[in-house]
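Before anything else, here's the structure in question.
Every value quoted in this text rests on a predicted model; they were computed, and no experiment measured them. Counting from 1, the numbers follow the sequence of the chain as shown.
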Amino acid sequence: MKLIKNVFILAFLFALTACQNDNNIPINESSEAGETNPFLQNFGSAIQARFIGTVVNEEDNPIAGATINIGSTFTVTDANGVFSIVSATVYSKFADIKVSKNGFINSSRALVPTSGVNQVKIMLLSLDPVATIIAGQPLTIALPDGVEVDFPGQFTNQFGGAYQGNVDIIMKSLSVDNEYFTQMMPGNLTAENIDGELRVLESYGMIAVELRGDGGEELNIAPGEPAIIRVPVASSITNPPATIPLWYFDEDNGYWKEEGSATLVNGRYEGEVSHFSFWNCDAPFETIDFCVTIVDQNNNPIPNILVQIERDASGWSSTTSGYTDNNGLVCGLVPANETLNLTVSDFGCVSNEFSMALGPYSEDQNISVTAQSGGALTTNFTAIFNDCNGDAIANGYLQLIYNNQSQIIPITDGEIAVVIDYCASDTSYSAQVIDVTNSQSTGVFNGSFTAPTTDLGTEMSCVDLVDTDADGIFDIDEDVNGNSNLDDDDTDNDGIPNNQDEDDDGDGINTADEDANNDGNPMNDDTDGDQTPDYLDDIDNNSNMFDAEIYEIGCAIDVYTYDFSLYYEDGSFPNFVYNYYETLMDAQSEVNALSMPYTSIVIGVQQLYVRVESDNTGQNIIGVITALGFEDSDGDGLFNCEELSGNDFTETTCNPNGNITDPNDADTDGDGVDDCSEATNGTDPNDPLDF
């Protein structure tokens with residue numbers, strides 16, 4: 001997939017359904033803090049628009065249970081990470097979609113809404129701290145890619161009072177070289193400069209910083225105690241300017257605001273900030289409104305595809321992206337008087353690319369572009385979808401998987417009639433329809449695209465998407481043995497079927513709490529890598545991980561290492577805390593833990609005990625490993641290492657006295673006297689005539 005380079009903006013996105021109407025309240029009204037905000041006049045009048053979107057984590061996996069807010073309309077993402085809002089009041093030139101989920105940094109996406117179904121994909125960043133510092137102690141925190149922040153040490157709580165205690169530092173680097181950059185950043189790059197003027201930004205680098213107290217409460221740096229941020233310039237950028245404006249993200253309004261500047265120092269932009277959220281090093285541009293409709297060779301609009309707009313510049317370029325709506329239309333702001341390139345990556349086939357040059361434009365544009373490329377075919381994909389009563393689905397979507405990607409196609413009146421671009425060498429697909437209103441779905445159906453039309457006929461959505469035990473897993477997914485009978489699926493044999501059991505594996509941890517990656521789906525969490533998800537695994541720590549040895553290194557005294565590579569190839573234990581003990585009683589009581597490498601002299605073979613606790617679920621088990629000590633293979637009273645080195649180890653009663661002998665032969669010279677006796681008494685164990 002093509003990397004996302006320096007990004008300016010195209011505020012595209014996609015849309016679906018809603019939980020409730022929002023009483024026609026514009027997303028920001030036209031005021032701020034009770035006063036008129038003249039900048040909001042740039043966004044036009046209030047309109048009604050429809051939205052559909054997907055929320056994913058940093059691994060690009062869907063997040064269930066994320067809260068979506070557009071104006072005063074709220075909904076949550078389903079098990080596929082999809083949300084659907086039928087109608088929300090937004091500005092005609094600006095819609096702000098906010099998303100939140102425990103364990104993640106709040107984010108949003110802004111776009112220029114169309115009259116069709118607007119689509120969007122948002123990637124949430126985890127709240128995992130990179131460090132914990134103590135208030136009152138200035139400290140510099142750095143990330144591996146060169147992002148760095150000098151914290152002054154003084155912090156305030158959410159009410160503005162001084163804070164004392166531990167401070168969790170959450171830092172994220174958002175490089176414009178990252179292909180997911182436009183999905184990770186909040187809003188789009190619509191901005192208000194220091195003079196209150198509308199601008200579109202081109203990013204040279206971005207960071208997110210969150211500060212949390214002992215109770216998880218939000219903190220910030222104290223007034224008058226600025227921090228210094230250093231943001232590396234992306235590798236794709238040549239000739240970056242010596243100074244650049246700094247912009248912070250206004251979470252309430254959904255756009256960026258100029259505050260201060262940064263200076264280029266040794267390949268990083270360095271600047272002073274007075275508070276934390278997302279900070280951005282960006283060059284501003286004057287803008288025009290830009291809309292483009294993507295059509296196939298028969299002039300049929302192509303919906304739900306990702307369109308990239310690239311700004312040409314000497315030595316480097318910048319890119320932004322957005323999804324076409326159900327009419328093939330996508331709109332946004334682009335820099336005025338700039339040459340642009342339009343690209344559709346993976347058009348039809350993976351790594352197949354359609355592109356063409358556009359502009360420069362000095363006025364607003366609404367154009368049509370015909371997309372076609374070798375190997376890519378198109379088909380008119382049609383179907384009728386009804387609910388169990390035979391009524392047309394009014395609020396739903398089709399999840400279509402093909403060409404190694406997933407596409408969400410909104411359903412508004414029970415019918416789908418869209419153009420799909422696919423690959424001539426890979427025509428297969430699988431699909432499932434979700435009826436959002438009735439919480440039902442079809443089964444999964446498979447097929448192959450055909451030209452010019454692929455007609456699915458009529459499908460009924462009758463499978464109830466219910467979660468009886470509220471454990472985060474639909475009842476239909478708790479059919480472990482796959483026989484369509486939920487009553488005989490009882491993993492822990494407690495007499496309660498899994499779909500009614502809050503603790504499916506009987507390990508004392510509720511299924512809903514065995515969601516280690518916090519994406520709302522316990523089905524994809526496997527702490528010990530044994531191919532059984534934690535919620536069905538009563539021992540989330542696999543005892544096979546202890547099938548390893550502690551062994552000596554050469555003949556060095558008191559030097560031992562340990563090897564667990566039989567379980568993890570790199571020898572590491574992700575998600576675990578582990579300690580070693582000489583006795584089982586010590587391991588059970590968690591006392592007298594050994595330091596590693598193990599430095600006690602071991603004669604022969606000794607068992608050691610390992611206590612391992614899962615960071616994810618809190619479970620612990622005790623395993624046994626083997627310590628191989630200094631061996632005496634031939635039983636002559638000399639350690640093998642003594643015979644090989646000639647050095648005396650005081651743990652044995654024999655002294656090799658510098659003689660090198662055979663560790664596998666008790667009488668190296670065959671004179672009838674063992675090596676130990678000869679060496680200790682001063683005769684040569686290698687000379688059969690000297691005994």
**OP:** Considering non-hydrogen atoms only, spot the tightest contact between Asp252 and Lys98 and give its length.
**Re:**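 Smallest interatomic distance, heavy atoms only, reads O-NZ, 3.3 Å.
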
**OP:** Please examine the side chains of Pro113 and Leu111, heavy atoms only from C-beta on, and report whether any two atoms are closer than 4.5 Å.
**Re:**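 A side-chain contact under 4.5 Å exists here.
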
Original post:
Residues in ring-ring contact (aromatic ring centres under 6.0 Å, His included) with Trp279, at least two apart?
Top reply: Tyr248, His275

Original post:
Under 3.5 Å, is there a donor-acceptor pair linking the side chains of Asp455 and Thr453?
Top reply: no

Subject >> Any Cys423 side-chain heavy atom under 4.5 Å of Phe449 side chain >> reply: no

Subject >> Non-hydrogen side-chain atoms of Asn304 and Leu400 separated by less than 4.5 Å >> reply: no

Subject >> Side chain Glu258, main chain Ile194, donor-acceptor under 3.5 Å >> reply: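 Side chain of Glu258 to backbone of Ile194: a pair is present.
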
Original post:
If you take all heavy atoms of Ala49 and Thr114, which pair is closest and at what distance?
Top reply: CB-O, 4.5 Å

Original post:
Does the side chain of Asn106 come under 3.5 Å of the side chain of Ser108 through a donor N or O and an acceptor N or O?
Top reply: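 No, no side-chain donor-acceptor pair sits under 3.5 Å.
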
Original post:
Between the side chain of Asp346 and the main-chain N/O of Ser351, is any donor-acceptor distance below 3.5 Å?
Top reply: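 Side chain of Asp346 to backbone of Ser351: a pair is present.
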
Original post:
According to the interplanar angle, ranging from 0 to 90°, do the rings of Phe43 and Phe94 count as parallel (below 30°), tilted (30 to 60°) or perpendicular (above 60°)?
Top reply: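 Geometry flag for Phe94 against Phe43: parallel rings.
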
Original post:
Can you list every salt bridge (charged side-chain N to carboxylate O under 4.0 Å, His left out) pair that touches residues 354-374, not counting sequence neighbours?
Top reply: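 Residue pairs with at least one partner in residues 354-374: there are none.
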
Subject >> Side chain to side chain, Glu58 and Lys172, heavy atoms closer than 4.5 Å >> reply: yes

Original post:
What is the ring orientation for Trp256 with Phe278, classed by angle as parallel under 30°, tilted 30 to 60°, or perpendicular over 60°?
Top reply: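 Answer is perpendicular, since the angle exceeds 60°.
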
Original post:
What pairs meet the salt bridge (charged side-chain N to carboxylate O under 4.0 Å, His left out) rule with one or both residues in residues 60-79, with sequence neighbours excluded?
Top reply: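 Qualifying pairs: Asp60-Lys121.
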
**OP:** Mind running salt bridge (charged side-chain N to carboxylate O under 4.0 Å, His left out) on Arg199 and Glu197 for me, showing each step along the way?
**Re:** CA-CA 6 Å; Arg199 290 292 183 265; Glu197 299 167 331; 3.1 Å; yes

Original post:
Name the one of Asn386, Ile409, Leu398 that satisfies side-chain contact (heavy atoms from CB on, under 4.5 Å) with Val433?
Top reply: Leu398

Original post:
For Thr450, does its backbone N or O pair with a side-chain atom of Thr379 as donor and acceptor, under 3.5 Å?
Top reply: yes

**OP:** Look at the side chain of Thr77 and the backbone N and O of Gly65, then say whether any donor-acceptor pair between them is shorter than 3.5 Å.
**Re:** yes

